[in-house]
Amino acid sequence: MAAGLRTAYAADLTAIPPGTSVSICGWVNRIRQHGEHLVFVDVRDHTGIVQCVLAKRDDLRPEYVVQVSGEVFPRPEGTENPQIPTGSVEIRDGIVTVLSEAEPIPFSLDDRVEVEEATRLRHRYLDLRRERMQRNLRLRAQINSAIRAAMEEQGFVEIETPLLWTPTPEGAREFYVPSRTQPGSFYSLPQSPQIAKQLLMVAGFDRYYQIARCLRDEDLRSDRQFEFTQLDVEASFVGQADVHRFISNAMARVIANVFDGRTVDIGTISWREAMGRYGSDKPDRRFGHPLVDVTGVFAKTEVRALSAPHVAALLDPEPTSLSRARLDQLVERARALGAKGLLWVKVAQDGEGYSISSPVSKLLDRSEVEQLLEQTGAGDGDVILLVADEWEKAVTTLGQIRLERGRHLADPKELDLFWVVDFPLFEGLDEAGKPISAHHPFTMPNEEDLDLLETDPLSVRSQSYDLVLNGWELGSGSIRIHRADIQRRIFSTLGIDEETANSRFGFLLEAFRYGAPPHGGFAIGIDRLAALLAGETNIREIIAYPKTQSGIDLMTQAPKQLDAATLAPLGLTVRPVQRG
RNA sequence: GGACCUGUGGUGCAGCUCGGAGUGCACGCCGGCCUGUCAAGCCGGAGGUCGCGGGUUCAAAUCCCGUCAGGUCCGCCA
């Protein structure tokens, strides 16, 4: 709704009767001066650009903030610009009022010009003027709005939880905030509202949601910032299928909203299948080329590099690009990823059959080659990549290579959205030989596997689940343990004694003694969701003020040192830091 | 903590392999011309700590070492 100094936005003008007087406000986008008597001034607001035709004006510069009052007319025949939505109209002989002058800006705001990200971040307020960034942040707002509508429609209540929370030793590294009123003591910023929301279940808010800021002091990546935003959800008296339904409904609503009614199928795949076929618990399935288990082919092989508990095979997505040097790089890459190595087998048509070339071709017998070709479906010109190792190492290594080799072949318009279920409850053993929680220690085991807790904990599946979109983990959740006896068994398996459990989670365990309903929940990473739906490959593009990989805000130069006088009331002194 | 890529007028690049004067291109900026352009066009001009420090050399943007910054990834992210 236009108001104040403005009566219309640029995008409104095509729908306005010729001759209507309007006032538009915005930034001077571009000036085209044609001598003394004809000047075109493009004025930009967030809806678009409007061409203003003036008789004489030489005091305007790009990025001046202006108000233009004048009459809207169709452009003279032959001068329309079909390239832009407002190209059929113009404001003629308007009064241009300069509301604010502008120095020449340090980089182009034209989306066609690639500007180094550091430069953009240093002047983020300028970068955000660009159409792309306006579109991205507005898309993000639209996602939030659709989420709120979907959650409220399903009976969820939005409740805020504290940012100043209590340190919890489990999980991600936390940010700490010194207390002035309790000098020497610290709050922590929550890595998620996990425990707070479970307490809300005990409190009887049986359907809670929040668009919550979470903070983790872990190294940054293209899909990770210190602070990020989650749709955080928890519900009581529900099972896994109910949680999936709530979240699926919200996702469907978001996608329909963003893509104009588009529908999406949300499938399900087990963790074991995801790992086996794609070597990842967040597979990008859009470009095919699944891994093939060829362990059986090499059961009795003479090739020492292939005698391993598991042999995974991949038909390279782009074999023609595999020069000998490139293949050597792949071998190195596999080693860098922690596997012992990688073997390649080139396949070529040879009369009726096929011949192969490989560093180990002399050591492979005919039946091994035949089975390998059959099981992988390899044909003329294909290159088979093999990684032999422990199952998880083999599939994850080859899965990562699959991703690096094929990711660019994925259709960027496709939305491959699915649940990954039946995660293992524990992910390996710590130094003391005790299992490590894969999710968090309140995750409910799969009831069929309860008996394995004490005998074979690593094979216990959990009632936890991830949501994956185009190869990114969008979120995860679980059904929680609400029964004290099962919680005791989990703590015991994890090697957490009662005293430790009480000191870490005492208030939660105490709360659970006063009547805890069965409950479970989920959290969706909104930054990742927004980035994927915006077609961006890093989340900084959908965050107004992101930090660099080293955690610096290039605009404000935060974090900054504080002087001793500021720190003293907090009970802090800073040790001199040696750098370099 | 580690690997790899990048750093050259305000912006984006080329130059770096094979050392020889801050050389070049495009955009932007400043000035002039120009009455229907639209990333306007034409002419002219200004603008440089080649990220920083050290080394090799008669000579370094270029080679070597270190360092800082940005990015991608591994570790890390219950």
Side-chain angles (χ1 to χ4, degrees), chain A residues 29-42 49-56 58 61-63 75-84 86-88 90 92 103-123 126 168-174 191-192 194-195 214-226 228 329 332-333 335-338 396-397 400 403-404 407 423 425-428 430 435-443 462 464 473 476 478 490 494 496 504-505 525 537-538 540 547-552 554 557 579-580:
Chain A
N29 197 57
R30 220 169 241 119
I31 298 165
R32 293 176 295 280
Q33 181 106 29
H34 289 245
E36 290 260 314
H37 306 291
L38 180 64
V39 184
F40 299 101
V41 178
D42 290 343
I49 285 171
V50 59
Q51 170 168 287
C52 304
V53 188
L54 305 173
K56 179 173 177 9
D58 57 9
R61 294 288 182 278
E63 300 307 315
R75 294 194 188 180
E77 197 166 340
T79 67
E80 302 92 344
N81 182 357
Q83 311 284 84
I84 59 171
T86 56
S88 61
E90 61 191 16
R92 234 170 271 164
E103 292 177 17
I105 57 171
F107 56 90
S108 170
L109 302 189
D110 193 321
D111 281 335
R112 289 168 294 196
V113 178
E114 285 272 325
V115 179
E116 202 166 320
E117 197 177 351
T119 308
R120 296 169 52 201
L121 292 179
R122 202 163 295 127
H123 305 277
L126 295 179
T168 45
E170 304 277 317
R173 188 180 298 118
E174 298 175 318
Q191 40 184 300
S192 82
Q194 181 62 37
I195 294 176
C214 307
L215 299 107
R216 295 181 188 170
D217 189 4
E218 299 286 355
D219 286 358
L220 281 50
R221 287 281 195 284
S222 59
D223 61 349
R224 281 161 33 189
Q225 284 272 307
F226 285 148
F228 57 99
Q329 281 174 18
E332 275 313 303
R333 182 66 183 139
R335 292 204 179 111
L337 290 167
T396 53
T397 300
Q400 180 63 32
L403 201 57
E404 291 168 11
R407 179 162 35 198
F423 273 77
L425 186 63
F426 306 109
E427 52 174 21
D430 63 16
I436 303 161
S437 280
H439 192 57
H440 57 66
F442 315 111
T443 303
S462 69
S464 68
E473 181 193 318
S476 62
S478 63
I490 296 288
L494 290 169
I496 298 176
R504 292 185 190 174
F505 316 110
T537 54
N538 87 61
R540 297 185 299 277
K547 291 174 182 61
T548 67
Q549 197 159 41
S550 58
I552 293 169
L554 291 177
Q557 295 301 317
R579 285 205 80 178

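Just so it is clear: chains get the letters A, B, ... in the order the sequence lines come, proteins before strands, and each one is counted from 1.
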Nearest to the side chain of [X] - [options]?
X        : options                : result
A:Phe40  : B:rG71, B:rU37, B:rG12 : B:rU37
A:Arg224 : B:rU37, B:rC77, B:rG70 : B:rC77
A:Val113 : B:rG70, B:rG71, B:rA39 : B:rA39
A:Glu117 : B:rG12, B:rG71, B:rC74 : B:rG71
A:Arg32  : B:rG75, B:rC38, B:rG12 : B:rC38
A:Arg221 : B:rC73, B:rC34, B:rC38 : B:rC73
A:Glu90  : B:rG75, B:rG71, B:rG36 : B:rG36
A:Val115 : B:rC38, B:rU11, B:rG70 : B:rU11
A:Leu554 : B:rG36, B:rC74, B:rG70 : B:rG70

Tell me the interatomic distance from [X], atom [atom1], to [N], atom [atom2], rounded to whole angstroms.
X        : N      : atom1 : atom2 : answer
A:Ile31  : B:rC34 : CD1   : P     : 18 Å
A:His37  : B:rU37 : NE2   : C1'   : 16 Å
A:Leu38  : B:rG41 : CG    : P     : 15 Å
A:Gln549 : B:rC77 : CD    : P     : 17 Å
A:Leu109 : B:rU11 : CG    : P     : 14 Å
A:Glu218 : B:rC76 : CD    : C1'   : 5 Å
A:Leu54  : B:rC38 : CG    : P     : 17 Å
A:Leu220 : B:rU72 : CG    : C1'   : 13 Å

Exercise for review: Applying salt bridge (Lys or Arg N to Asp or Glu O under 4.0 Å), run through A:Arg540 and A:Glu117 and close with a yes or a no.
Suggested key: CA-CA 10 Å; A:Arg540 297 185 299 277; A:Glu117 197 177 351; 2.5 Å; yes

To the nearest 0.5 Å, what is the distance between [atom1] ([X]) and [atom2] ([Y])?
X        : Y        : atom1 : atom2 : value
A:Asp42  : A:Asn81  : CG    : CG    : 9.0 Å
A:Arg504 : A:Ile195 : CZ    : CD1   : 11.5 Å
A:Lys547 : A:Gln225 : NZ    : CD    : 7.0 Å

Spacing of the [atom1] atoms in [M] and [N] (rounded, Å):
N      : M      : atom1 : result
B:rG31 : B:rC68 : C1'   : 40 Å
B:rC16 : B:rU72 : C1'   : 23 Å
B:rC50 : B:rG44 : C1'   : 27 Å
B:rG75 : B:rG12 : P     : 32 Å
B:rA40 : B:rG53 : P     : 39 Å
B:rC13 : B:rG54 : P     : 28 Å
B:rU11 : B:rU17 : P     : 26 Å
B:rU56 : B:rG10 : P     : 31 Å

For [X], which contact category applies under a 4.0 Å heavy-atom criterion: base, sugar-phosphate, or nothing?
X        : answer
A:Glu114 : sugar-phosphate
A:Ser550 : sugar-phosphate
A:Ala438 : sugar-phosphate
A:Arg540 : sugar-phosphate
A:Ser108 : nothing
A:Glu116 : sugar-phosphate
A:Arg335 : nothing
A:Glu80  : base
A:Pro76  : base
A:Glu404 : nothing

Review point. Will you find, in the side chains of A:Gln51 and A:Thr86, an N or O donor that is under 3.5 Å from an N or O acceptor?
Key: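 No, because no side-chain N or O of A:Gln51 sits under 3.5 Å from a partner of the opposite role on A:Thr86.
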
**Study point:** Under 3.5 Å donor-acceptor pair, A:Asp219 side-chain atoms to B:rG75 base atoms
**Key:**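 Side chain to base: pair present.
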
Point to revise | Whichever of A:Gln33 and A:Asp223 has its nearest RNA chain B nucleotide further upstream toward 5' | key: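 Whichever sits nearer the 5' end wins; that is A:Gln33.
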
Check your understanding: Got a donor-acceptor contact below 3.5 angstrom from the A:Arg92 side chain to the A:Val53 backbone?
Key ->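 No, the answer is negative, given that no donor and acceptor are paired below the 3.5 Å cut-off.
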
Review point. Hey, does the side chain of A:Gln194 reach the backbone of A:Ser192 with a donor-acceptor pair shorter than 3.5 angstrom?
Key: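 A pair under 3.5 Å: no.
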
Check your understanding: Is there side-chain contact between A:Leu54 and A:Leu38, with at least one heavy-atom pair below 4.5 Å?
Key ->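 When only atoms from C-beta onward are counted, A:Leu38 and A:Leu54 do not touch, as no gap falls below 4.5 Å.
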
Check your understanding: Would you say the side chain of A:Cys214 lies within less than 4.5 Å of the side chain of A:Gln191, judging by non-hydrogen atoms?
Key ->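 No, every pair of side-chain atoms sits at 4.5 Å or beyond.
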
Given that both distances must come in under 3.5 Å, which nucleotide forms a Watson-Crick or G-U wobble pair with [N]?
N      : answer
B:rG44 : B:rC30
B:rU72 : B:rA3
B:rU67 : B:rG51
B:rU57 : none
B:rC25 : B:rG12

Exercise for review: Please identify each residue that fulfils salt bridge (charged side-chain N to carboxylate O under 4.0 Å, His left out) with A:Glu332, with sequence neighbours left out.
Suggested key: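 A:Glu332 satisfies salt bridge (charged side-chain N to carboxylate O under 4.0 Å, His left out) with A:Arg335 only.
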
Check your understanding: How would you list, by chain and number, every residue that makes a salt bridge (charged side-chain N to carboxylate O under 4.0 Å, His left out) with A:Arg122, sequence neighbours excluded?
Key ->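 Checked A:Arg122 against salt bridge (charged side-chain N to carboxylate O under 4.0 Å, His left out); zero matches.
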
Practice item. Decide, applying a 5.5 Å centre-distance limit and a 30° plane-angle limit (both strict), whether A:His34 stacks on B:rG36. Key: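 A stacking contact does not exist, since A:His34 is not both close and nearly parallel to the base ring of B:rG36.
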
Measure all distances between protein nitrogen or oxygen atoms and nitrogen or oxygen atoms of nucleotides 28-31 of chain B, and list the pairs falling under 3.5 Å.
unit_1, atom_1, unit_2, atom_2, d
B:rC30, OP1, A:Arg61, NE, 3.0

